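Report on the following structure.
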Amino acid sequence: MSRSVLAVLAIALGLPFLILLALVSSASGVSTSVFTHALGLVIMSVFLMLVVFEIKRIADLPPDAH
């Protein structure tokens, strides 16, 4: 994997997870369902981002390599 992909994955998965973990674990009254819904949203957005990267990679191939 390239460094840019790893950086995007770290930002896309790491930061929201740490922020949501801090919100849920604190005594702020946040429901755990908020955590699970937000984590599902993050996973879906990472999946869509990887799909876009793959489409871009295929589009950048020479025409005879498709």
Side-chain angles (χ1 to χ4, degrees):
M1 280 191 173
S2 68
R3 289 183 183 174
S4 61
V5 173
L6 289 176
V8 168
L9 285 176
I11 291 170
L13 291 175
L15 288 177
F17 180 75
L18 292 176
I19 291 169
L20 290 171
L21 185 62
L23 284 173
V24 171
S25 65
S26 68
S28 64
V30 176
S31 174
T32 56
S33 67
V34 172
F35 178 70
T36 56
H37 289 302
L39 192 60
L41 181 65
V42 167
I43 290 171
M44 180 63 84
S45 64
V46 168
F47 175 75
L48 290 175
M49 179 186 60
L50 291 174
V51 167
V52 169
F53 275 132
E54 184 65 20
I55 291 171
K56 182 184 177 310
R57 185 188 68 80
I58 292 171
D60 289 342
L61 289 175
D64 58 343
H66 287 194

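A quick note: this is a predicted structure, and the numbers were derived from the prediction, not measured.
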**Request:** Keeping to residues at least two apart or across chains, list the side-chain hydrogen bond (donor to acceptor under 3.5 Å, both in side chains) pairs with something in residues 40-55.
**Result:**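 Every side-chain hydrogen bond (donor to acceptor under 3.5 Å, both in side chains) pair that includes a residue of residues 40-55, provided the two are not neighbours, is E54-R57.
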**Item:** Residues that V51 engages under side-chain contact (heavy atoms from CB on, under 4.5 Å), provided they are two or more places apart
**Value:**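 Listed in chain order: F47, I55.
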Donor-acceptor list for residues 7-21 side chains, cut-off 3.5 Å, not counting sequence neighbours:
none

